[in-house]
Participant: 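Once you've had a glance at the structure underneath, I'll fire off some questions.
Below, all heavy atoms of this structure are taken into account, side chains as well, without hydrogens, waters or symmetry copies.
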Amino acid sequence: MKFLKEKFSLILSILYIILMLGICIGIMINIINSSKYIYFIYFLLAIIIVFLINLFLFKKNKQINQKFFLISLVIAIILYSLLLFLPYNEPYVDYATFYNNAIHFATDGAYASKYMALFPHLWGYIMFLGVLFKIFGVNYLVVIISNVILNFISTYFVFKIIKSISDKKTAYFGTILWLYNPINLIWCMFAFGGTAFNTFLAISIYLTINFFKANHLKNKLLYSLLMGLFLGITNLFRPVSIIFIIAFLIVLIYEYFIKKPNNRILNVICTVIIFVFYICVGKISNIYLEHEIGYESATSVGFTLFSGSDINSDGSWSATGSKILNEGMEKEPFDANEIQNNLQSLAIENYLNNGIKNINLLLKKFVLLTSDVGGYSWNSATSMLDIDFQDNKENIISFVSVLGYYILILINLLFGIYAIKQKELPVISNILILFIGGFTIASIILEVSPRYFLPTLIPLTILGSVGVVKKQKN
């Protein structure tokens with residue numbers, strides 16, 4: 001216990017370095033497997049850029065000032081506004097599911113009811129976009145504008161978060177890093193809950209910081225309530241808030257039960273409040289969903305677990321699982337829980353039958369999940385944009401998208417190296433390290449896709465900014 005008390009942040013920092021090095025190795029493996037050897041040059045260029053930022057921008061005390069920051073903000077607003085004038089194709093696959101069902105929500109049309117009962121986590125963004133369609137009318141520009149607004153709201157909270165754990169100039173750097181990340185810009189084009197998730201996660205992180213800062217009983221209870229509420233809302237857009245809550249609980253136990261025992265009963269009460277409001281948001285959403293679609297929604301993630309266990313698909317979307325799912329949807333009476341529970345049982349059976357092959361499967365899934373978020377994002381954009389790229393997909397936008405992701409990973413490796421030298425890290429840094437690690441582990445058990453790693457972008461930006469500047473507050 002004494003070792004844990006003294007070395008908690010050190011242990012997390014070492015594990016974080018291992019994770020970031022693992023992602024870097026995965027990037028190399030992906031480049032070799034995909035034969036995109038130009039990406040080697042991108043990665044080397046990312047290393048040079050990070051080195052130059054570290055050497056010249058901060059070691060020479062040439063900090064980003066407010067004037068530079070405001071000019072960057074204006075340019076970013078113009079850049080994001082250009083999304084309104086691009087030609088778009090009709091949404092496809094999952095994005096069509098979100099878009100078309102949001103239209104049904106707004107116009108009292110017929111939902112894809114069985115599909116939504118099987119995947120109730122889709123409902124959050126469908127409901128959100130459907131409300132906007134009711135207010136402003138059905139137009140794809142509503143998708144773009146709402147995403148851009150949400151992205152700038154998340155930008156504000158990224159600034160506030162980084163400022164609270166470092167200083168204003170570090171916050172300027174982190175905010176610019178977030179705004180100009182081409183991956184953010186790309187996903188603003190899609191009818192997809194990723195941008196909304198990022199915004200509400202950023203708000204939740206900010207509330208968490210204030211929870212730990214609060215000294216008065218009333219403030220502590222208020223922030224507990226708000227944390228539960230906003231983590232519940234965050235979960236509606238991607239059901240992973242529980243990972244953040246577990247990370248929060250681990251750090252809470254360390255801070256108030258191990259490191260410096262204090263206010264134990266109060267913190268137990270606060271934890272209960274967080275869970276109650278988090279669960280209530282989900283329950284209310286599910287009740288509304290079931291009322292709208294006329295079916296009981298599934299509580300199991302059987303299909304995603306089955307896809308993750310399927311060696312033939314390397315743990316990505318499974319044609320076999322999809323066939324079982326479609327056969328179940330055709331049966332009457334329809335029971336979403338029965339279908340998902342059946343797939344869950346088959347998934348467990350798959351994992352048991354895989355035996356030693358699971359090691360190779362999980363490693364492949366880790367590489368697929370974490371190595372090519374930038375390239376995947378741009379490839380998705382080429383399908384969404386009504387532009388004939390012909391064979392010119394590897395253009396300047398593809399370059400900056402891939403490069404931007406590589407830079408983000410490298411500065412987080414810097415954060416790990418910096419953190420290992422510190423006696424102690426800010427509370428929120430410990431939580432975010434645990435969240436990124438826990439999210440990665442949970443994800444590689446289920447179905448994987450590079451876009452499923454997008455929920456880590458806010459935490460990666462926050463930690464990476466501190467890693468470059470090497471300045472923090474406890």
Participant: Measure the shortest side-chain to side-chain distance between Ile246 and Ile250 over non-hydrogen atoms and say whether it is less than 4.5 angstrom.
Facilitator: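 Of all side-chain heavy-atom pairs linking Ile250 with Ile246, at least one is under 4.5 Å.
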
Participant: Does any part of the side chain of Phe237, heavy atoms only, come nearer than 4.5 Å to the side chain of Leu201, both counted from C-beta?
Facilitator: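 A side-chain contact under 4.5 Å is absent here.
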
Participant: Apply ring-ring contact (aromatic ring centres under 6.0 Å, His included) to the pair Phe157 and Phe200, showing each step before the final yes or no.
Facilitator: CA-CA 10 Å; Phe157 283 99; Phe200 287 103; 9.6 Å; no

Participant: Do Trp178 and Ser154 get their side chains close enough for a donor-acceptor pair, meaning under 3.5 Å?
Facilitator: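 Trp178 vs Ser154: donor-acceptor pair found between side chains.
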
Participant: Per the ring pair (Phe, Tyr, Trp, His ring centres under 6.0 Å) rule, which among Trp123, Tyr125, Phe98, Phe128 passes with Phe105?
Facilitator: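 Running ring pair (Phe, Tyr, Trp, His ring centres under 6.0 Å) over Trp123, Tyr125, Phe98, Phe128 with Phe105 returns exactly one hit, Trp123.
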
Participant: Please examine the side chains of Phe212 and Leu252, heavy atoms only from C-beta on, and report whether any two atoms are closer than 4.5 Å.
Facilitator: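 Yes. Closest side-chain heavy atoms under 4.5 Å.
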
Participant: Does a donor on one side chain sit under 3.5 Å from an acceptor on the other, for Asn412 and Tyr16?
Facilitator: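 Distance-only check passes for Asn412 and Tyr16.
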
Participant: Does atom OH (Tyr223) have a neighbourhood of more than 12 heavy atoms from anything else shown, all under 6.0 Å?
Facilitator: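 No, OH of Tyr223 has 12 or fewer neighbouring heavy atoms, counting only those of other groups under 6.0 Å.
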
Participant: Passes side chain to side chain contact (heavy atoms under 4.5 Å, CB included), Thr175 versus Ser465? Steps please.
Facilitator: CA-CA 9 Å; Thr175 305; Ser465 302; over 6 Å; no

Participant: Do Val281 and Ser285 have side-chain heavy atoms sitting under 4.5 Å apart?
Facilitator: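 No; the side chains remain at least 4.5 Å from each other.
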
Participant: Show every ring pair (Phe, Tyr, Trp, His ring centres under 6.0 Å) that has at least one partner inside residues 322-355, sequence neighbours left out.
Facilitator: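 Counting only pairs at least two positions apart or across chains, the ring pair (Phe, Tyr, Trp, His ring centres under 6.0 Å) contacts touching residues 322-355 are Tyr295-Phe334.
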
Participant: Would you be so kind as to tabulate the donor-acceptor pairs closer than 3.5 Å made by side chains of residues 456-464, with sequence neighbours excluded?
Facilitator:
| unit_1 | atom_1 | unit_2 | atom_2 | d |
| --- | --- | --- | --- | --- |
| Thr456 | OG1 | Phe453 | O | 2.7 |
| Thr461 | OG1 | Leu457 | O | 2.7 |

Participant: Rounded to the nearest 0.5 Å, what separation is found between the CD1 atom of Ile445 and the NZ atom of Lys365?
Facilitator: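 That separation rounds to 7.5 Å.
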
Participant: Under 3.5 Å, side chain of Ser9 to main-chain N/O of Leu425, donor-acceptor pair present?
Facilitator: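 Yes, the answer is positive, given that a donor and an acceptor are paired below the 3.5 Å cut-off.
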
Participant: Answer yes or no: does atom CD1 of Ile356 have more than 12 heavy-atom neighbours from other residues, nucleotides or ligands under 6.0 Å?
Facilitator: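 Result for CD1/Ile356: open.
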
Participant: Should Ile205 and Phe244 count as side-chain neighbours, where that means a heavy-atom distance under 4.5 Å?
Facilitator: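 Answer yes - side chains close enough.
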
Participant: Kindly say whether the aromatic ring centers of Phe133 and Tyr99 come within a distance under 6.0 Å.
Facilitator: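 For Phe133 and Tyr99, the ring centres are under 6.0 Å apart.
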
Participant: Quick one: sort the Tyr140 and Tyr88 rings into parallel, tilted or perpendicular, breaks at 30° and 60°.
Facilitator: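 The rings of Tyr140 and Tyr88 sit tilted, inter-plane angle from 30° to 60°.
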
Participant: With a cut-off of 6.0 Å (strictly less than), are more than 12 heavy atoms of other residues, nucleotides or ligands near CD1 of Ile359?
Facilitator: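 Count not over threshold, so no.
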
Participant: Are Leu368 and Asp314 close enough that some pair of their side-chain heavy atoms sits under 4.5 Å apart?
Facilitator: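 No, too far: nothing below the 4.5 Å cut-off.
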
Participant: So how far is it from Ile165 CD1 to Leu432 CG, rounded to the nearest 0.5 Å?
Facilitator: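 Separation between the atoms: 7.0 Å.
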
Participant: Specify whether Trp187 and Phe190 have parallel, tilted or perpendicular ring planes, treating 30° as the upper limit for parallel and 60° as the lower limit for perpendicular.
Facilitator: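 Rings of Trp187 and Phe190: tilted, 30 to 60°.
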
Participant: Mind checking whether Phe197 and Phe192 have ring centres under 6.0 Å apart?
Facilitator: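 No.
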
Participant: How long is the gap from OG on Ser224 to CG on Asn219, to the nearest 0.5 Å?
Facilitator: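 If we round to the nearest 0.5 Å, Ser224:OG and Asn219:CG are 10.5 Å apart.
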
Participant: So, is the end of the Arg238 side chain (NZ or CZ) under 6.0 Å from the ring centre of Tyr452 and within 45° of the ring's axis?
Facilitator: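 Output yes; distance and angle both within limits.
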
Participant: Could you check Phe303 against Leu118 for side chain to side chain contact (heavy atoms under 4.5 Å, CB included), going step by step and ending with a plain yes or no?
Facilitator: CA-CA 9 Å; Phe303 175 76; Leu118 287 163; over 6 Å; no

Participant: If you count every heavy atom of other residues, nucleotides or ligands that lies below 6.0 Å from Tyr156 atom OH, does the total exceed 12?
Facilitator: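 Atom OH in Tyr156 is not packed in, count stays at 12 or less.
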
Participant: Walk me through it: do Tyr39 and Tyr42 pass the test ring-ring contact (aromatic ring centres under 6.0 Å, His included)?
Facilitator: CA-CA 5 Å; Tyr39 284 15; Tyr42 294 177; 5.2 Å; yes

Participant: Going through the checks in order, is the side chain to side chain contact (heavy atoms under 4.5 Å, CB included) test met by Leu231 and Phe248?
Facilitator: CA-CA 12 Å; Leu231 283 167; Phe248 164 79; over 6 Å; no

Participant: If we ignore hydrogens and angles and just use 3.5 Å, is the side chain of Asn184 paired with the main-chain N or O of Tyr180 as donor and acceptor?
Facilitator: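 Absent.
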
Participant: So Ile284 and Tyr288, do their side chains get closer than 4.5 Å, heavy atoms only?
Facilitator: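 Side-chain contact under 4.5 Å: no.
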
Participant: Just say parallel, tilted or perpendicular for the rings of Phe119 and His121, cut-offs at 30° and 60°.
Facilitator: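 Perpendicular: the ring planes of Phe119 and His121 meet at over 60°.
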
Participant: Would Ile242 and Asn235 count as a side chain to side chain contact (heavy atoms under 4.5 Å, CB included) here? Give the steps.
Facilitator: CA-CA 8 Å; Ile242 189 63; Asn235 208 61; 5.6 Å; no

Participant: Side chains of Arg451 and Ser380: closer than 4.5 Å at any heavy-atom pair?
Facilitator: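 With C-beta onward as the side chain, the pair stays apart.
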
Participant: In this structure, are over 12 heavy atoms from other groups packed under 6.0 Å from Glu338 atom CD?
Facilitator: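 At most 12 heavy atoms, drawn from other residues, nucleotides or ligands, come within 6.0 Å of this atom.
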
Participant: Establish, from distance only, whether the side-chain atoms of Asn337 and Thr299 form a donor-acceptor pair under 3.5 Å.
Facilitator: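 Judged by distance alone, the side chains do pair up.
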
Participant: Which distance, rounded to the nearest 0.5 Å, do you find between the CG of Leu129 and the OG of Ser146?
Facilitator: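 Interatomic distance, Leu129 CG to Ser146 OG, rounded to 0.5 Å: 6.0 Å.
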
Participant: Is it true that, when you exclude Ile265 itself, more than 12 heavy atoms of the residues, nucleotides or ligands shown sit nearer than 6.0 Å to its CD1?
Facilitator: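 Check fails, neighbour count at 12 or below.
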
